[in-house]
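Right, one structure below, let's go through it.
In this chain, numbering begins with 1 at the start of the sequence shown.
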Amino acid sequence: MSAVMAPLLDRLAEALDEERHAILEHDVEALIRSTQKKLESLRALEAGVPGFQPDAALVAIGSADVESRLQQLSQLNHANGALLARRRREVNWALRHLGRSESAVAYDAHGQTDNVKATRPIAVA
């Protein structure tokens, strides 16, 4: 693995691990920090290799290690995305059952795009 790529890939892997941990622990602040770290790592990867293009970088380095590592990191990122999507569905379900409207814009009975307030009572007294 290239001496330039190895520490950058390590930083990205660390950021992805922190992101996963933050998602699982429901830690919003840590999630924001880890996402920022992930984006910074990706920018550093792009800037660290002159004229960075993933396919060209692999050919230039000539390393199956780099390709394998990038594939692993891509899978980690996809898994984190799946966890985030699941968490979002859970939050939307909870909000819907609490009578809160979702943030999506909808048309009302008059064809306007104001947020439709469809509340549902939790209990009848």
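- Linking ILVMFWY residues whenever their side-chain heavy atoms come closer than 4.5 Å, directly or via other members, places Leu84 and Leu24 in the same cluster.
- Between the side chain of Ser74 and the backbone N or O of Leu70, no donor-acceptor pair lies under 3.5 Å.
- Both Leu42 and Val66 sit in one connected hydrophobic cluster of ILVMFWY residues. Membership requires side-chain heavy atoms under 4.5 Å apart, directly or through other members.
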- Given Lys37 and Asp17, is the salt bridge (charged side-chain N to carboxylate O under 4.0 Å, His left out) satisfied, shown in steps? CA-CA 11 Å; Lys37 186 175 179 180; Asp17 287 339; over 6 Å; no
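- Remark: side-chain polar atoms of His97 are paired, donor with acceptor, to backbone N or O of Trp93 under 3.5 angstrom.
- Summarising the geometry of Leu16 relative to Leu73, their closest heavy-atom pair is CD1-O, 3.5 Å, with the distance given to 0.1 Å.
- The distance from the CD atom of Glu19 to the CG atom of Leu76 is 9.5 Å, given to the nearest 0.5 Å.
- The environment of CZ in Arg87 is crowded: more than 12 heavy-atom neighbours from other residues, nucleotides or ligands sit within 6.0 Å.
- Lys38 and Asn77 form a side-chain donor-acceptor contact under 3.5 Å, judged by distance and modelled atom types alone.
- For the residue pair Gln36 and Glu40, a side-chain donor N or O sits within less than 3.5 Å of a side-chain acceptor on the partner.
- Atom CG of Asn80 and atom CD of Gln75 lie 12.0 Å apart (nearest 0.5 Å).
- The number of heavy atoms from other shown groups lying within 6.0 Å of CD (Glu90) is above 12.
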- Passes side chain to side chain contact (heavy atoms under 4.5 Å, CB included), Arg69 versus Asp10? Steps please. CA-CA 10 Å; Arg69 186 78 190 275; Asp10 290 341; 3.0 Å; yes
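- Considering all non-hydrogen atoms of both residues, Leu31 and Ser34 come closest at O-OG, 3.0 Å.
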